[in-house]
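Counting begins at 1 with the first residue of the sequence.
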Amino acid sequence: MREELTKETLISCGKLPVLVYEAICIQVWKIKIYPQIVKLEPAPNNTFGLYMVLYHEAAAVGLLETVLFHEDGATCISEIAIDLLQYALDQLTALLALINTGYLKPISVNDIECESPIEELERQKRDLQFDISMRCISIVRYLAEHMEVAGIGASISTNIYKTHDVPSLLCHLITQEPWKRSNEQGEMQIFNFGRWCKPTTEDLTQLHRSEAQLWLCLRQLLLEPRLAHHYTIDESRRNTFCQLQAKLTETMLDQIPPLGELKTFLCRLSVGDYSGLHNRTNGVKNPGCTLIEVVPQIKDAYVKQIHKRTKSLAKTQLEYFRMDGSEDSRKMAKKLLDSYASDTALALDGGGAKCAKCGEKACKKCSRCKTEWYCGRECQVQQWPKHKELCDQYAKLCL
């Protein structure tokens with residue numbers, strides 16, 4: 001019930017497509033250029049420049065997640081919605097890869113303190129990848145909800161149901177529960193606003209934000225009228241979906257009543273009554289053989305642009321990433337920090353500053369590097385072993 005200044009500014013200035021291009025560009029950069037840079041300089045003294053590229057992707061995705069909640073946001077990117085969908089689904093696949101490679105296992109403080117700069121960067125890269133992937137759950141849901149508004153419903157449906165089998169992917173993620181993990185002491189942590197923190201009493205009683213997005217996205221896809229034309233529920237898929245039925249508890253339904261329709265769908269599916277589940281097409285006609293599919297092009301265009309040039313590009317870019325303490329590098333570092341550590345940027349990123357240790361609302365900033373926020377002195381002291389090395393890098397570059 002208030003003016004959405006951020007949304008209106010991004011839409012009216014035509015900046016949403018820019019965010020999509022930026023996110024996909026950095027995705028290609030991470031795959032093609034970043035490994036070459038690491039080969040050229042496997043033991044860098046400073047990783048600040050590389051980290052800011054990785055962080056920029058997370059910032060762009062965070063803004064897209066916020067704005068695409070609104071229909072006019074989806075309309076603004078209608079011409080490249082398929083590209084964004086492809087990007088978001090790539091990130092969900094990357095999320096499963098992180099889980100399968102042990103990302104959710106606890107890391108000891110000693111291991112973190114013994115990290116080399118490049119090992120620290122790799123850990124930060126995985127953390128940012130996890131954050132981006134969790135946000136892309138929401139983006140997939142919003143694109144599915146607004147596919148008709150975007151005007152390319154048939155193409156989005158084909159990608160979601162036939163090309164990628166997103167409903168099964170969502171089921172797998174719900175089962176994995178990637179928003180939870182245990183720390184080194186065996187205490188449960190949850191992922192909130194880009195950080196792992198100890199759950200509050202409210203967190204334990206309410207459905208987690210990412211879990212709610214997964215369920216709502218699955219509901220949207222399974223109850224979508226186009227499902228009958230694009231998706232066949234065979235015995236294997238039926239068993240996968242029916243396993244989720246027990247997770248839809250009364251407490252969950254009280255918090256998100258629309259999931260009641262999904263539970264009804266799963267109940268009918270569990271007793272074998274799924275041949276006529278999709279008779280309600282609500283006026284959506286079978287596209288038949290006249291369908292012209294829109295395919296993603298941005299990622300392929302970037303890959304072609306750098307074909308056989310990755311090594312030369314990496315060598316050129318490496319000069320920009322070397323923070324040697326010179327006046328130019330200090331100015332660039334300060335400019336980047338001012339962009340992302342300002343109060344305006346914090347307002348855009350998740351609704352305000354959060355304590356780096358516990359995730360609660362924070363009002364104090366590290367006086368040395370001015371990048372990390374804390375709710376109080378106690379949390380700052382506890383977080384210092386993890387923050388020290390990064391704080392030293394920022395301070396050397398900017399002071």
**Gap separating the OG atom of Ser108 from the CG atom of Asn183, nearest 0.5 angstrom** = 11.5 Å
**Message:** Contact between Pro44 and Ile118 at the side-chain level, heavy atoms closer than 4.5 Å - yes or no?
**Reply:** yes
**Request:** Anything under 30° is parallel, anything over 60° is perpendicular, the rest tilted; go ahead and classify Trp384 against His387.
**Result:** perpendicular
**Request:** Considering non-hydrogen atoms only, spot the tightest contact between Val109 and Pro385 and give its length.
**Result:** CG1-CB, 4.1 Å
**Complete:** Taken to the nearest 0.5 Å, the spacing of Lys315 NZ from Arg309 CZ works out to 14.0 Å
**Request:** Decide if atom CD of Gln297 counts as having more than 12 heavy atoms of other residues, nucleotides or ligands within a radius under 6.0 Å.
**Result:** no
**Message:** Apply side chain to side chain contact (heavy atoms under 4.5 Å, CB included) to residues Cys136 and Tyr87 and explain how you reach the verdict.
**Reply:** CA-CA 9 Å; Cys136 282; Tyr87 169 83; 4.0 Å; yes
**Item:** Polar side-chain atom of Thr47 near backbone of Leu50 as donor-acceptor pair, under 3.5 Å
**Value:** no
**Message:** With side chain to side chain contact (heavy atoms under 4.5 Å, CB included) as the criterion, how do Leu68 and Leu84 come out once you've worked through the C-alpha distance, each side chain's angles and the decisive distance to 0.1 Å?
**Reply:** CA-CA 11 Å; Leu68 289 177; Leu84 178 57; 3.4 Å; yes
**Message:** Checking Trp29 against Glu57: is there a side-chain donor and acceptor pair closer than 3.5 Å?
**Reply:** no
**Over 12 foreign heavy atoms within 6.0 Å of CD, Glu319** = yes
**Request:** Report yes or no: do Gln255 and Thr251 form a side-chain donor-acceptor pair below 3.5 Å?
**Result:** no
**Asked** Can you name the nearest heavy-atom pair linking Ser270 to Cys267, along with the distance?
**Response** OG-O, 2.6 Å
**Message:** Looking only at the side chains, is there a donor atom on one of Gln220 and Tyr142 sitting less than 3.5 Å from an acceptor on the other?
**Reply:** no
**Message:** Any salt bridge linking Arg123 with Glu119? Criterion: basic side-chain nitrogen under 4.0 Å from a carboxylate oxygen.
**Reply:** no
**Message:** To the nearest 0.5 Å, what is the distance between NZ on Lys32 and CG on Leu313?
**Reply:** 12.5 Å
**Prompt:** Would you say the side chain of Leu216 lies within less than 4.5 Å of the side chain of Leu259, judging by non-hydrogen atoms?
**Reply:** yes
**Message:** What I'd like to find out is whether the side chain of Phe265 reaches to under 4.5 Å of the side chain of Leu223, using heavy atoms alone.
**Reply:** yes
**Fill in**
Besides Ile107, the hydrophobic cluster formed by Ile, Leu, Val, Met, Phe, Trp and Tyr side chains linked at under 4.5 Å, directly or via other members, contains Ile112
**Side chain His208, main chain Ser210, donor-acceptor under 3.5 Å** = yes
**Prompt:** When rounded to the nearest 0.5 angstrom, what distance separates CD1 in Ile31 from CD1 in Ile306?
**Reply:** 9.0 Å
**Request:** Could you tell me the separation between the CG atom of Leu214 and the CD1 atom of Ile137, rounded to the nearest 0.5 Å?
**Result:** 4.0 Å
**Item:** Atom pair CD (Gln91) and CG (Leu96), whose distance is rounded to the nearest 0.5 Å
**Value:** 12.0 Å
**Prompt:** So, are Asp131 and Arg135 salt-bridged, with charged N and O less than 4.0 Å apart?
**Reply:** yes
**Request:** Would you mind reporting whether Met134 and Trp179 have side-chain heavy atoms less than 4.5 Å apart?
**Result:** yes
**Message:** According to a hydrophobic-cluster definition based on side-chain heavy atoms being under 4.5 Å apart (Ile, Leu, Val, Met, Phe, Trp, Tyr only), do Val53 and Leu40 belong together?
**Reply:** yes
**Request:** State plainly whether one hydrophobic cluster holds both Phe241 and Leu253, where clusters connect Ile, Leu, Val, Met, Phe, Trp and Tyr through side-chain heavy atoms under 4.5 angstrom apart.
**Result:** yes
**Message:** Go through it in stages, so that I can follow the logic: the residues are His56 and Ile26, the test is side chain to side chain contact (heavy atoms under 4.5 Å, CB included), and I'd like the CA-CA distance, side-chain angles, deciding distance and then a yes or no.
**Reply:** CA-CA 8 Å; His56 183 65; Ile26 297 175; 3.6 Å; yes
**Message:** Please give me the minimum heavy-atom distance between Val294 and Asn159, naming the atom from each residue.
**Reply:** O-ND2, 4.3 Å
**Aromatic plane relationship, Tyr21 with Tyr302 - under 30° parallel, 30 to 60° tilted, over 60° perpendicular** = perpendicular
**Message:** Test side chain to side chain contact (heavy atoms under 4.5 Å, CB included) on Trp215 and Leu262; report intermediate values, then the result.
**Reply:** CA-CA 9 Å; Trp215 281 108; Leu262 177 61; 3.7 Å; yes
**Prompt:** Taking all atoms of both residues into account, what is the closest heavy-atom pair of Arg181 and Leu104, and its distance?
**Reply:** CB-O, 3.5 Å
**Prompt:** So, do Ile82 and Val295 sit near enough that their side-chain heavy atoms are less than 4.5 Å apart?
**Reply:** no
**Request:** Compare every heavy atom of Leu207 with every heavy atom of Glu211, then report the nearest pair and how far apart it is.
**Result:** OE1-CD1, 3.3 Å
**Prompt:** Cut-off 3.5 Å, side chains only: do Asp72 and Thr75 have a donor facing an acceptor?
**Reply:** no
**Item:** Any side-chain heavy-atom pair of Thr163 and Leu89 under 4.5 Å
**Value:** no
**Prompt:** Are any non-hydrogen side-chain atoms of Arg195 and Lys357 less than 4.5 angstrom apart?
**Reply:** no
**Message:** Looking at Lys198 and Glu187, is any side-chain nitrogen of the basic one under 4.0 Å from a carboxylate oxygen of the acidic one?
**Reply:** no
**Request:** Give a yes or no on whether the backbone of Leu269 and the side-chain of Arg238 come within a donor-acceptor separation of less than 3.5 Å.
**Result:** yes
**Message:** According to a hydrophobic-cluster definition based on side-chain heavy atoms being under 4.5 Å apart (Ile, Leu, Val, Met, Phe, Trp, Tyr only), do Ile37 and Val303 belong together?
**Reply:** yes
**Request:** Give me the one residue out of Asp165, Leu221, Leu244 that meets side-chain contact (heavy atoms from CB on, under 4.5 Å) with Leu170.
**Result:** Leu221
**Asked** Do Leu54 and Lys30 have side-chain heavy atoms sitting under 4.5 Å apart?
**Response** yes
**Asked** Other than Ile190, which residues form its hydrophobic cluster under the rule that side-chain heavy atoms must be closer than 4.5 Å?
**Response** Met188, Leu204
**Message:** Donor-acceptor check, side chain of Arg237 to backbone of Thr232, threshold 3.5 angstrom: yes or no?
**Reply:** yes
**Message:** Quick check on Lys263: does its NZ atom have over 12 non-hydrogen neighbours (other residues, nucleotides or ligands) under 6.0 Å away?
**Reply:** yes
**Prompt:** What are the two closest non-hydrogen atoms of Leu128 and Ala58, and how far apart are they?
**Reply:** CD2-CB, 4.0 Å
**Asked** Any side-chain donor paired with an acceptor under 3.5 Å for Gln86 and Asp90?
**Response** yes
**Prompt:** Which pairs pass ring pair (Phe, Tyr, Trp, His ring centres under 6.0 Å) with one or both residues in residues 108-137, sequence neighbours excluded?
**Reply:** Tyr103-Phe130, Phe130-Phe191, Phe130-Trp196
